Amino acid sequence: MADMDAFRDELARWAAGGASDTAAELAVDLGLRTAVLLEGPSDLAAVEALAALEDRDLSAGGVAVVSMGGAMSVGRYAGLLGPPGLGLRLTGLCDAREEPFYDRGWQRAGAARDFHVCVADLEDEMIRALGPERVEEVIRAEDELRPWQTFLAQPAQHGRPREQQLRRFLSTRKGRKIRYGSLLVEALDGRRPPAPLAGLLTGL
């Protein structure tokens, strides 16, 4: 049985200049019809966590959620996966500052504009959806209260809004942003997900 991780690996090789054959074969085996283009792995973690909360198996529904390693790659991935390549429907999620890259990528691929835009980034959206107090509860539950307090004591953080401090903290250690991508979604506890994330899942 075809494996989504194998497809993503082959897609990354293809995007880096490798052959397309294996990725194309896996796409057929998986019955893919939609590709979700995301900037990075923390966004992928959040999308997969929300799908799990909603008891949705995206792979079984023919949806490939792809982390591109940065918005600058969107033109390449849109071409490979969209009408010029595998012919999949394209959708995605991006930060507001990266929206022009997504617009150009969709246009060059000849795809209808269909992606969702976060005000700053998905972490910012999640912090506002949860509220700073709930995010700090998640940090405490992860036994990261001491690093958080040490971070707050830094002169550069004095006087900054708590939302900005939290957003910056999530990026201060390798892997933390990815881990909290899923943890913050799981912490919603019945709260409505941020509009860009909710809209993305609703459209799949």
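Keep in mind the model is a prediction, meaning the values are calculated, not measured. Along the sequence shown, residues carry numbers from 1.
Clustering ILVMFWY residues whenever any of their side-chain heavy atoms sit less than 4.5 angstrom apart, transitively, puts V119 in a cluster other than the one holding M126. Put simply, L204 and L38 are part of the same group of oily side chains (I, L, V, M, F, W, Y) that touch within less than 4.5 Å, one to the next. Residues I127 and L152 fall within the same hydrophobic cluster, defined by Ile, Leu, Val, Met, Phe, Trp and Tyr side chains chained together at heavy-atom separations under 4.5 Å. Both L122 and V185 belong to a single network of hydrophobic side chains, linked directly or stepwise wherever heavy atoms of I, L, V, M, F, W or Y lie under 4.5 Å apart. M72 and L80 fall within the same hydrophobic cluster, defined by Ile, Leu, Val, Met, Phe, Trp and Tyr side-chain heavy atoms under 4.5 Å apart, directly or through other members.
L11 has its side chain within reach of Y77: a pair of non-hydrogen atoms, C-beta onward, lies under 4.5 Å apart. Between L183 and Y180, some side-chain heavy-atom pair lies under the 4.5 Å cut-off. Side chains of V36 and L58 form no contact here, defined as non-hydrogen atoms less than 4.5 Å apart. Side-chain contact between L32 and L86: absent, with no pair of heavy atoms (C-beta onward) separated by less than 4.5 Å. Using a 4.5 Å heavy-atom cutoff, the side chains of F115 and D103 are in contact. With contacts defined as side-chain heavy-atom distances shorter than 4.5 Å, the pair E39/F101 does not qualify. Residues V65 and M4 are not in side-chain contact: their nearest non-hydrogen atoms beyond the backbone lie 4.5 Å or more apart. In this structure, T91 and V63 have side chains that are not in contact, with every pair of non-hydrogen atoms separated by 4.5 Å or more.
Residue R192 places its CZ atom among 12 or fewer non-hydrogen atoms of other residues, nucleotides or ligands, all under 6.0 Å distant. Atom CG of D57 sits in a crowded spot, with more than 12 heavy atoms from other residues, nucleotides or ligands closer than 6.0 Å. The number of heavy-atom neighbours closer than 6.0 Å to CZ of R173, taken from other residues, nucleotides and ligands shown, is 12 or below.
Scanning both residues, K177 and S171, for their nearest heavy atoms gives CD-OG, 3.9 Å. What you find for A15 and R76 is that their closest heavy atoms are O-NE, 3.1 Å. When all heavy atoms of C118 and L93 are compared, the closest pair comes out as SG-CD1, 4.0 Å. Considering every non-hydrogen atom in both W106 and D114, the closest pair reads NE1-N, 3.5 Å. Considering all non-hydrogen atoms of both residues, V138 and A187 come closest at CG2-CB, 3.6 Å. The shortest non-hydrogen separation linking P193 to L50 is CG-CD1, 3.9 Å.
Rounding to the nearest 0.5 angstrom, the gap separating the CG atom in L44 from the CG atom in L37 is 11.5 Å. Rounded to the nearest 0.5 Å, atoms OG1 (T22) and CD (E10) are 4.5 Å apart. Atom CG in L201 sits 5.0 Å away from atom CD in E54 (nearest 0.5 Å). Here the CG-CG distance, from L197 to L188, works out to 8.0 Å after rounding to the nearest 0.5 Å. Rounded to the nearest 0.5 Å, atoms CD (E133) and CG (L130) are 10.5 Å apart. In this structure, CD in E163 is found 9.0 Å from CZ in R128, a value given to the nearest 0.5 Å.
Between R8 and E48, at least one side-chain nitrogen of the basic residue sits less than 4.0 Å from a carboxylate oxygen of the acidic one, meeting the salt-bridge criterion. Salt bridge R134/E137: present, at least one basic N to carboxylate O contact under 4.0 Å. In summary, R176 and E142 do not engage in a salt bridge, as defined by a charged side-chain N under 4.0 Å from a carboxylate O.
A distance-only check finds no donor-acceptor pair linking the side chain of R167 to the backbone of A120 [under 3.5 Å]. A donor-acceptor distance shorter than 3.5 angstrom exists from the side chain of R33 to the backbone of G61, with no hydrogens or angles considered. Checking side-chain atoms of H116 against main-chain N and O of C94 turns up no donor-acceptor pair under 3.5 Å. Here the side chain of D121 pairs a donor or acceptor atom with the backbone of E123 at under 3.5 angstrom.
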*asked:* Please determine whether side-chain hydrogen bond (donor to acceptor under 3.5 Å, both in side chains) holds for the pair Q165 and R168, giving the CA-CA distance in whole Å, both sets of side-chain angles, and the decisive distance to 0.1 Å.
replied: CA-CA 5 Å; Q165 293 170 335; R168 176 62 184 142; over 6 Å; no

*Kindly indicate, with the supporting measurements, whether the criterion side-chain contact (heavy atoms from CB on, under 4.5 Å) is fulfilled by Y102 and V117.*
CA-CA 10 Å; Y102 270 59; V117 182; over 6 Å; no

*Given side-chain contact (heavy atoms from CB on, under 4.5 Å), test W148 with L166 step by step and report yes or no.*
CA-CA 9 Å; W148 169 235; L166 285 162; 3.4 Å; yes

